[in-house]
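Reminder, nothing fancy here: chain letters follow the sequence lines and each chain counts from 1. Being a predicted model, the structure only gives us computed values, none of them experimental.
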Amino acid sequence: MMYYQLLGPEIAVALLGLLVLACGLLLPAHGKNAAGYLTTIGLAAVLAAVILNFSQGAIFFAGVYQIDSYTNFFRILFLSAALLIILMSSRYTGWFGERKSEWFSFMLFATLGMMIMVGAADLITVYVGLELMTISFYILSAYLLNDRLSAEAGLKYLIIGALSSAVLLFGMSLVYACSGTTVFTGIYAALSAGPERPVLLAGMVMMIAGLGFKISAVPFHMWTPDIYQGAPTPVTAYLSVASKAAGFAVLARIFLSVFPAASLDWHPLLAVMAALTIIIGNLTALPQTNVKRMLAYSSIAQAGYILVGLVAANTYGLKGLLFYAMLYVFSNVGAFAVTAAVEVEAGNADLESFSGLSRRAPMPAAVLTICLLSLAGIPPLAGFAGKFYLFSGAIQAGYLWLAFIGLLMSMISVYYYLNVAKAMYIGTSRQEERVTLSFPVQTALWICLFATIFLGVYPGPLSELTELAVRLFIAG
Amino acid sequence: MIGLNHYLLLGTALFGIGVYGVFAKRNAIAVLMSVELMLNAVNVNFVAINRFLQPDAALGQLFAIFVIVVAAAEVSVGLALIISIYRQRQSVNLNDFNLMKW
Amino acid sequence: MNGFPILSVTLLLPIAGALLITLVPPTREDLIKAIAAACTLGSLVLSLVVFCGYDQVQGGMQMTEAIPWVRDLGVRYALGVDGISIPLLLLTNLIGFSAVYASWHTGERVKEFFLLLLLLISGVMGTFLATDLFIFFLFYEVVVIPIYLLVIMFGSSQRVTKEYAGMKLTIYLLIGSAFLLVGLIILFVKGRALLGFPTMDINTLAGADFPVGLQVFVYCLMALGFGTLLSMFPFHAWSPDGYAGAPTAVSMIHAGVLKKIGGYGLIRIGLLLLPAGARYVAPVIAVLALGNVVYAGIICLTQKDLKYIVGYSSVSHMGYVLLGIASVNLISLNGAVMMMFAHGVMAALFFAMIGNLYQQSHTRNVFDFGGLAHQMPRLAVGFMLAGLASLGLPGTANFIGEFTIFVGAFGVYNVLTILAISGIVITAVYILRTLGGVLFGPRRPEWDHLQDLRGVDMVPLLVLGGAILVGGILPFTIMDPINSGIGQLLGQIGPGQIGGIL
Amino acid sequence: MQDLMSLIWLIPVLPFLAFASIGLLLHRWPRLSAAVSIAAIGASFLLSLLVAIEIFGGDPGRVFEMSVRWLEMPGLKVDMGILVDPLTAVMLLVVTTVALLVQVYSLGYMEGDPGWASYFSYQSIFAGSMLGLVVANNFGQLFVFWELVGMCSYLLIGFWFGKPSARDAAIKAFVTNRIGDFGFLLGILFLAVVFGTLDFGQLAALIPAYHNLAVLLPVAILLFFGPVGKSAQFPLHVWLPDAMEGPTPVSALIHAATMVAAGVYLIARAFFIFSQVPQAMLLIALVGGFTALFAASIALVQNDIKRILAYSTLSQLGYMVMAMGVGAMTAGMFHLMTHAFFKSLLFLAAGSVIHTLHGEQDIWKMGGLARKMPITTWTFVIGALALAGIPPLAGFWSKDEILLGAYAGGYTGLYLLGSLVAFMTAFYMFRLIFTAFFGGNKGGEHAHESAPVMTGPLVILAVLSVVAGLVGSPLTGNYFGHYISVPGVAHHPANPVIMSVSSLLALAGIGLAWLIYQKQSVQAEDLRQRWSPLYELLRHKFYIDEFYAWLGKTFVDSGARALEWIDLKLVNGAVNGLAYLTGWSGRTLRYIVNGQVQSYAIWVVFGVALLLATALMTVFTVLV
Amino acid sequence: MKIDDLVFLIISGFTVASALGVVLSRNIVHSALALILTFIGVAMLFFGLGASFLGLVQILVYAGAVSVLTIFAIMLVMKPDPASTNPSTPSRATHILGGLLAWSVVVGLGMAIGFSRWPSLPAEPAGFDTVGVLANLLLGNYVVAFEAAAVLLLLAVVGAIILAKGAEKP
């Protein structure tokens with residue numbers, strides 16, 4: 001007896017995407033907003049469904065596909081991220097003109113790809129899900145057809161993405177060559193049985209590289225700033241929170257359920273990667289003057305923090321990973337939502353456009369400040385709780401130096417976050433009229449604000465959730 | 001006696017050639033083609049591994065099929081991207097696309 | 001007070017006020033100020049109730065509250081007061097209350113100002129009330145950001161721009177707190193390993209006997225973190241610039257209370273959890289303390305900006321506190337806590353007076369003034385009170401603190417203490433020079449337009465000056481709780497583990 | 001009688017209450033403030049009188065003690081206590097008497113001064129602190145009030161804060177005292193740490209049994225720092241002459257009669273420590289003697305009436321300290337008492353002159369006052385005679401006791417020195433008198449006698465200056481010494497030779513002064529010419545102030561500037577440098593992202609190669 | 001030396017050569033043609049490995065569709081003179097660095113492959129229905145991936161149309 005209804009979310013999202021696509025074709029131009037509402041409602045419904053049977057799980061197709069609390073956790077993450085971004089982009093999508101509804105459907109397909117990635121327990125399915133997501137993002141990041149930056153971003157993303165997915169594939173092929181199967185459980189069994197082969201290690205590291213591109217870990221991070229700056233802001237936001245989280249989800253699942261069989265101790269390797277990512281991301285973010293680009297570098301640094309959880313690979317570390325990925329959604333989307341609003345007002349996301357915002361739009365300014373500080377890990381905001389988990393895990397695993405680097409750098413990062421706050425609070429703006437926000441954007445802002453503060457002041461509930469999610473990998 | 005390792009080495013060689021192409025060509029389309037080379041290398045690996053390890057199953061071929069499908073999609077989107085950027089810049093030279101840097 | 005969560009109410013009252021203020025339209029400035037005043041007054045009254053209701057005979061943590069917060073981290077929302085935290089809680093509210101009045105004349109962006117100020121006050125209070133490391137650190141860092149915003153929005157640029165000052169302050173303290181946080185996490189992880197269950201409760205962790213090497217290492221980290229906040233030489237660079245750049249209220253709270261969190265943490269966390277480490281590191285701290293006292297004191301001699309003088313002098317006075325903490329014994333620790341209280345009130349009064357003067361005259365250069373006692377006798381009284389307190393005159397609380405510290409420290413570090421005592425001469429020199437330069441001398445007509453303190457301006461003078469005198473004339477009112485608290489703490493450690501003459 | 005003793009605590013507390021009430025409520029009504037202040041000190045005076053009667057009625061050993069808990073913790077206990085023994089009783093009497101008279105006198109002297117109310121409040125708090133110091137029963141309390149009287153003197157010296165000179169004098173006084181207190185505090189800390197208590201009674205019990213000179217010597221010397229500062233002994237004497245910037249009654253009360261004598265009182269009070277340490281005693285004696293001579297010599301050439309009196313105060317204090325040093329504690333206290341009377345008399349009389357001359361203080365601009373203001377003049381003469389030690393005035397007896405003590409104690413050198421000082425004293429006092437009061441200068445035309453409220457105290461003090469000596473004179477069987485004496489130290493019988501010698505010397509001094517300044521048989525100008533180097537030296541007070549100023553400028557100020565440079569350039573520089581380094585590395589790193597997508601690709605593959613290398617290295621090391 | 005070894009060597013040599021042609025030719029059209037040859041070579045390898053179905057797919061999709069698409073794109077963005085349409089990056093550093101990197105990757109992988117032990121070629125199972133097995137897998141265990149691929153193709157088509165069609169001129 002297989003619980004096919006547990007596949008409901010994927011199916012629902014796919015159908016929703018097709019439906020929205022159809023809407024775009026059928027509805028007249030003015031009715032294209034309907035696509036937005038439809039997407040919102042649909043996503044909300046799916047999200048509710050997933051949350052309702054969070055704890056249910058099943059294994060499908062001889063282990064090829066697997067629904068468990070881990071999967072559900074990330075499904076929730078993706079769906080809520082998508083929901084928030086659909087909300088925040090209500091004004092922004094005006095720039096997409098005729099192609100608005102298709103934009104919604106691409107977002108949905110990307111979401112579907114991510115859900116498949118986390119659900120998959122098999123290399124092939126992982127690969128297909130990943131490509132589904134990535135190719136949607138190629139299109140989405142080039143979606144502002146009149147904008148030179150957007151097109152350039154799309155092309156750059158395509159080239160690097162194709163290259164790294166080829167690398168990933170090559171690694172997969174080598175792993176397959178050593179194990180003779182693509183199902184995680186099978187690979188694990190085969191590897192633990194069979195003799196040690198150098199080629200396996202080669203495959204592993206190439207897979208690390210391929211996924212490292214998705215999470216933009218140093219040195220696979222170079223694309224991030226350009227794409228983040230060029231892509232439409234909602235896409236950037238989605239890219240930064242969801243695609244990264246998906247990459248981490250797959251990475252964690254593979255590392256924890258497959259690689260333990262291999263003799264290579266990959267923790268120090270990842271530790272160095274994490275340290276480099278944190279350092280370079282933060283340092284390079286310091287001199288940025290474009291807020292989107294600055295957020296891109298900061299997101300590199302954040303990836304480094306999340307990676308720390310994987311390095312630690314113990315309960316606290318993994319809980320930190322999930323916790324951080326989740327709060328990162330709210331904090332980062334909040335930041336990007338305000339950025340998008342400013343961009344719609346001023347036409348660009350340069351720091352000057354933010355100056356004096358606190359007078360023209362007190363609430364968004366406050367939200368941006370708080371979200372950025374949460375990213376910096378200042379209590380009592382969500383980021384602090386997440387970092388606490390991560391670095392407790394790291395220290396427990398004996399990576400004291402990593403904890404030092406991470407915390408010092410996160411304090412240095414306060415500098416560039418506060419620069420934005422400074423511009424907003426003591427800068428002077430050319431125009432004085434108040435920034436008007438549409439209702440959905442305000443909703444998104446309020447949600448982000450509330451979540452960021454609540455998760456920081458009272459992390460209990462979410463940590464319980466993560467507890468359930470990591471129980472698969474670590475007994476007790 | 002030709003073994004699996006020879007096929008893998010061939011795949012590796014194709015892969016390396018593709019990588020070099022990605023580095024060295026200025027024309028975006030050529031870079032795309034080099035990526036296709038890399039994917040083909042992967043396919044060679046899959047099929048050969050499939051043949052040598054489990055001739056009575058088709059997992060590797062299945063993977064190869066998916067790779068081909070994805071590659072096709074990738075190429076079409078990629079070419080479309082190149083065309084749209086060509087419409088803006090009248091160029092497909094990657095060295096020209098550096099509006100965003102630092 | 002069984003049942004009634006008095007500490008939580010005290011703690012959350014200003015936050016509630018802040019939330020209330022968010023709802024008030026920015027134009028209703030009077031209403032906003034009224035709310036702020038009411039909330040801080042409420043907290044002040046409640047903390048007085050706590051102060052009186054605390055049972056010294058029984059001692060220990062009282063009026064405790066605990067709510068499970070994060071299960072797997074063993075974090076509990078736990079509040080409690082003992083003899084050490086009570087005076088500091090009182091200090092916080094005294095200064096918070098007077099800070100509201102000292103900034104009564106804030107003209108622009110009143111809403112933001114008082115909102116942030118209230119958050120700041122609550123944050124500081126929280127550190128003294130929390131008995132759980134996690135909650136402690138939460139509040140410890142909460143205060144940083146409001147301060148930054150207050151500085152850049154309402155600060156003043158004299159020698160350094162307010163942006164520079166604010167950023168320096170913020171980043172410096174945050175980097176210090178990074179070391180501290182690493183230390184806390186190490187404690188948490190090791191404590192979990194030693195005790196077998198995760199907990200962040202300070203007293204519970206005190207039960208785990210950490211290995212000595214670890215204690216030393218972690219105590220060093222804490223000395224870095226807390227020491228930075230306490231402006232321990234040579235980590236004091238943020239302090240004078242920060243105070244100079246900050247608006248009056250922030251200088252008051254920062255110099256008055258915030259710094260004291262460092263000393264409080266070194267005693268409550270460092271000493272209680274890591275006695276061996278404390279003993280090991282103490283001599284180094286003592287030497288640095290000397291650096292504070294003499295080095296910063298002598299620098300004061302050349303300062304011309306009033307705020308720089310007080311800033312450096314507060315650095316120098318923190319040296320006494322550090323000396324008291326470094327010579328780990330009952331008397332010196334009593335003295336250290338007393339000194340924290342006394343210096344807090346004194347510095348706050350000083351900054352309140354300077355702020356009032358600066359807001360009218362727009363200069364803080366000593367040489368621009370002279371003979372102000374002619375025009376502003378009440379202000380002169382405030383200045384004299386603060387000045388005489390800061391040079392440790394008997395009859396002011398500062399004398400009690402310094403004297404006790406000296407008695408406690410002298411038996412441990414003779415030479416260092418003798419050198420440190422020379423600080424009282426240095427202090428006398430620069431304080432008297434300053435007072436003489438500003439208040440005395442011939443009347444200068446260009447300052448005839450200055451208004452003397454009146455109405456609400458008197459509140460800081462009365463509240464803080466009263467506290468100074470009460471602490472100095474009836475020292476037992478404050479010293480007895482401190483003594484009971486420190487005694488309890490040392491008893492908890494056990495005499496075998498620490499040095500000291502007693 | 002016990003109920004009287006239980007009221008003693010009121011003696012210091014009443015003036016404090018007066019101060020508080022004036023400061024908080026009454027300062028708007030000056031006359032009322034003055035009334036309250038005088039009433040308070042008057043009440044204290046009556047109480048002290050009763051106490052003195054009680055004490056001197058009974059046997060010398062009687063001690064009354066009470067205390068309240070003030071600052072207490074395990075290992076440190078400072079009470080606020082009352083210790084009344086003959087020593088205290090005398091001091092109480094002296095302090096309250098002089099304070100009362102001075103305050104009454106001030107009614108006239110400070111007429112119409114805008115700071116009237118605050119003046120009286122300061123007077124009250126000074127009186128309170130001084131009395132608290134006197135009755136202290138432990139070193140902690142003593143130090144507290146010791147500092148408080150220092151503050152009062154600071155406030156009162158700087159009372160006319162509009163005058164820069166007054167401001168600077170006040171600062172100088174406070175800082176100099178601080179330097180003394182620095183040592184004093186160290187001594188107290190030593191006691192606290194070594195003996196674990198600060199209580200006089202307990203210490204007095206412990207110390208004799210404690211023979212470790214290595215501890216006691218530093219303790220004694222450090223404790224002596226206090227008197228050196230407070231009683232303005234060399235080398236910390238510089239503040240007292242400048243302190244004359246304050247109102248003259250203040251100089252009379254604080255800088256002549258009471259506060260400066262506190263140092264001597266401290267030595268007497270802590271005599272049980274000093275007497276254990278001969279070396280310290282010798283040091284004290286030498287310092288005292290030197291100060292006496294040194295100050296007297298400066299007084300010879302001063303022209304400011306108040307400064308002359310100030311230097312004479314210095315030299316008299318040196319006398320007392322010397323007396324303590326040679327072990328003649330009784331004599332020292334005796335001289336303290338008498339000196340309090342006649343010196344305050346002198347100051348108040350001088351004040352009356354200054355008052356009527358509208359602030360003129362140069363004796364060469366006075367003259368012929370004797371006719372204009374007889375009371376002032378003759379009281380002043382009485383005071384001068386007393387000071388010069390002309391029998392049978394008070395000064396004669398006490399000074400004689402000191403010389404006797406020095407001589408009998410075997411300190412012949414000091415004895416000779418003391419005699420010389422006696423001669424000089426007589427000379428400079430009458431130089432002053434002949435110039436200012438009987439001189440032919442035309443300074444004093446418009447002078448007129450002061451109001452009774454001022455002359456009254458003068459008369460009273462004159463009487464006291466005459467009779468006060470009797471209590472200690474052999475004629476009365478040395479009543480004083482019977483009560484105030486060091487147990488075990490026998491009192492030397494009066495020595496007629498010494499008496500006659502000293503009085504003859506005094507007369508000689510007067511005569512010389514008469515020759516030079518009245519009869520002018522020798523021109524002062526010629527002397528000046530002949531001894532000009534010595535004269536210049538004296539006139540510039542041996543250049544001590546200049547020397548200190550130079551010290552301060554060269555070491556303190558430049559050192560401070562150097563440290564400030566270090567702080568700004570090194571400490572701050574390190575911080576800013578680190579910040580700049582961080583930012584610089586960021587600015588450098590950003591250029592790696594050069595916008596060329598293919599270089600990104602190169603980086604990706606570079607990472608792959610790196611990972612491959614590490615992985616293969618590990619595995620090959622495993623395999624091989 | 002068996003015959004199919006020889007065949008393998010020839011085919012692989014041919015494939016590598018044409019691959020090199022793709023990256024080395026200065027004329028983009030020539031590169032495209034070389035690419036087609038490479039695809040065909042790979043397809044022949046598939047046939048040699050008994051994956052005839054996959055070989056066909058390879059020829060149809062790659063040598064057919066993808067190549068034609070590519071050439072269309074080339075025609076659309078072609079410069080007047082075909083000679084210099086496919087230049088290499090001018091910077092020599094890129095060439096050397098990139099070449100070395102590519103080479104080191106190849107060497108590394110080669111070492112990894114060389115040092116690993118591999119099974120020898122097993123006999124071809126008789127009557128093995130590749131297509132049937134594939135069909136079962138596609139619609140069985142891998143139905144999720146299959147559907148995802150379907151969505152992916154649709155998405156790619158729509159996306160390609162949107163991107164290529166370009167923005168509506170306001």
Pick from [options]: which one has the most heavy-atom pairs with chain E under 4.5 Å?
options                               : result
A:Ser136, A:Ala142, A:Ala62           : A:Ser136
A:Val128, A:Ile124, A:Val199          : A:Val199
A:Ile116, A:Leu112, A:Ile11, A:Asp122 : A:Asp122

Heavy-atom distances under 4.5 Å only: say whether [X] touches chain E with side chain, backbone, both or neither.
X        : answer
A:Leu144 : neither
A:Tyr143 : side chain
A:Ala202 : side chain
A:Ala120 : neither
A:Thr134 : neither
A:Tyr127 : neither
A:Leu18  : side chain
A:Leu140 : neither
A:Val183 : side chain

How many angstroms lie between [atom1] in [X] and [atom2] in [Y], if you round to the nearest 0.5 Å?
X        : Y        : atom1 : atom2 : value
E:Phe146 : A:Thr125 : CZ    : OG1   : 13.5 Å
A:Met133 : E:Leu155 : CE    : CG    : 12.5 Å
A:Leu132 : E:Glu147 : CG    : CD    : 12.0 Å
E:Ile161 : A:Glu102 : CD1   : CD    : 10.0 Å

Between E:Gly108, E:Ala145, E:Gly140, E:Ala156, the one whose heavy-atom pairs under 4.5 Å with chain A are most numerous:
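If we count pairs closer than 4.5 Å to chain A, E:Ala145 comes out on top.
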Does atom CZ of E:Phe128 have more than 12 heavy-atom neighbours, drawn from other residues, nucleotides or ligands, at distances under 6.0 Å?
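Check passes, neighbour count above 12.
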By a 4.5 Å heavy-atom criterion (distance strictly below it), what part of E:Val105 contacts chain A: side chain, backbone, both, or neither?
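Contact with chain A: none, neither part.
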Against chain A, label E:Leu109 side chain, backbone, both or neither, depending on which of its atoms sit under 4.5 Å from a heavy atom there.
side chain
Shortest non-hydrogen separation from E:Leu152 to A:Glu131 and the atoms involved:
CD1-O, 4.1 Å
Run E:Ile162 and A:Ile139 through side chain to side chain contact (heavy atoms under 4.5 Å, CB included) and show every step you take.
CA-CA 9 Å; E:Ile162 287 181; A:Ile139 302 165; 5.8 Å; no
Could you walk me through whether E:Val144 and A:Phe60 pass the side chain to side chain contact (heavy atoms under 4.5 Å, CB included) check?
CA-CA 10 Å; E:Val144 178; A:Phe60 298 91; over 6 Å; no
Could you check whether any side-chain heavy atom of E:Leu154 comes within less than 4.5 Å of a side-chain heavy atom of A:Leu21, counting everything from C-beta outward?
yes
